[in-house]
A.B. asks: 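First the structure, which I've put down as structure tokens, then a few questions once you've had a look.
Counting begins at 1 with the first residue of the sequence. Nothing here was measured: the structure is a model prediction, and the numbers come from that model.
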Amino acid sequence: MQPEKISKDEYEAELNRLHERREELEERESTITSHDHGGGLPHDEQNRLDRVRGELADVLQSIGDLQDRFADAGGAPPESGGALGE
């Protein structure tokens, strides 16, 4: 099954949105982990961290999928930096 075509403008807009979401989640992850002072996080905080990390993994997967979809639909090859955009 061929991927649905996506225009360069749609691709860039969605990629930017996903990267912004990735940055938000990374910041949230950093904030949560900063509360760990060597003794581990309280159960509620650990659950929150697990959810943030799960969502971050989903966003990174979506970035990769979007890049593959754009490349497969005849767009430019995916960025060499991968999902992290580095």
A.B. asks: Can you name the nearest heavy-atom pair linking Val59 to Arg21, along with the distance?
C.D. replies: CG2-CG, 3.9 Å
A.B. asks: Output the distance between atom CG (Asp72) and atom CD1 (Ile6), rounded to the nearest 0.5 Å.
C.D. replies: 11.5 Å
A.B. asks: If the condition is salt bridge (charged side-chain N to carboxylate O under 4.0 Å, His left out), which residues does Glu23 pass it with, not counting sequence neighbours?
C.D. replies: none
A.B. asks: Is a side-chain N or O of Glu45 found less than 3.5 angstrom from the main chain of Pro42, in a donor-acceptor match?
C.D. replies: no
A.B. asks: To the closest 0.5 Å, what do you measure between CG (Asp44) and CG (Leu49)?
C.D. replies: 12.5 Å
A.B. asks: Can you sort out the partners of Glu14 under salt bridge (charged side-chain N to carboxylate O under 4.0 Å, His left out), two or more places apart, ordered by chain and number?
C.D. replies: Arg17
A.B. asks: Side chains of Arg28 and Arg48: does their closest heavy-atom pair fall under 4.5 Å?
C.D. replies: no
A.B. asks: For Ile32 and Leu41, which heavy atoms make the closest approach, and how far apart are they?
C.D. replies: O-CD2, 3.6 Å
A.B. asks: Does some side-chain heavy atom of Asp58 sit less than 4.5 Å from a side-chain heavy atom of Gln61?
C.D. replies: no
A.B. asks: Given 3.5 Å as the limit, does a donor-acceptor pair link the side chain of Ser30 with the main chain of Glu27, or not?
C.D. replies: no
A.B. asks: Ignoring hydrogens and geometry beyond distance, is a side-chain donor-acceptor pair present between Asp50 and Gln46 at under 3.5 Å?
C.D. replies: yes
A.B. asks: Would you compute the distance between atom CG of Leu25 and atom CZ of Arg51 and round it to the nearest 0.5 angstrom?
C.D. replies: 12.5 Å
A.B. asks: Leu18 versus Arg22: any side-chain heavy-atom pair under 4.5 Å?
C.D. replies: no
A.B. asks: Residues two or more places apart in sequence or in another chain: which of them pass salt bridge (charged side-chain N to carboxylate O under 4.0 Å, His left out) with Arg53?
C.D. replies: Glu29
A.B. asks: Quick check: closest heavy atoms across Ile63 and Leu15, and the distance to 0.1 Å?
C.D. replies: CG2-CD1, 3.8 Å
A.B. asks: For the residue pair Tyr11 and Gln67, what are the closest heavy atoms and their distance?
C.D. replies: OH-CG, 3.5 Å
